[in-house]
Amino acid sequence: MLVLSRKQHQSLVIGNEIKITVLEIKGNQVRLGIDAPESIVVHREEIHNKIT
């Protein structure tokens, strides 16, 4: 597993099409913004586990 540190408003890029940005850090929660093509499905892990 790759572990990265990011601050608010910083991003990371996966491949050429996916960008994840830290929008807000509040206590023990982090809000993320995910820019990805519509053809890529994005789910929270607990939803993914229910589907599969």
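What's counted below: heavy atoms across the whole structure, side chains too, no hydrogens, waters or symmetry copies.
Under a 4.5 Å side-chain heavy-atom cut-off, the cluster of Ile, Leu, Val, Met, Phe, Trp and Tyr residues that includes I51 is completed by I47. In the hydrophobic clustering, where aliphatic and aromatic side chains (Ile, Leu, Val, Met, Phe, Trp, Tyr) are joined below 4.5 Å either directly or transitively, V3 groups with M1. Cluster note: V41 groups with no other residue, as no ILVMFWY side-chain heavy atom lies under 4.5 Å from it. Alongside V13, the hydrophobic cluster contains no other residue (criterion: ILVMFWY side chains under 4.5 Å).
With sequence neighbours excluded, the residues forming a side-chain hydrogen bond (donor to acceptor under 3.5 Å, both in side chains) with E24 are R31, listed by chain and number. With sequence neighbours left out, the side-chain hydrogen bond (donor to acceptor under 3.5 Å, both in side chains) criterion links R6 to no other residue.
Identified under the side-chain hydrogen bond (donor to acceptor under 3.5 Å, both in side chains) test for residues 36-49, with sequence neighbours left out: R44-E46.
How far CD1 of I18 is from CG of L12: 10.0 Å, rounded to the nearest 0.5 Å. Separation of atoms OG (S11) and CG (L23) is listed at 8.5 Å; rounding is to 0.5 Å. For the atom pair CD1 (I40) and CG (D35), the distance works out to 11.5 Å, reported to the nearest 0.5 Å.
Checked by atom type and distance alone, the side chain of Q10 pairs as donor or acceptor with a backbone atom of K7 at under 3.5 Å.
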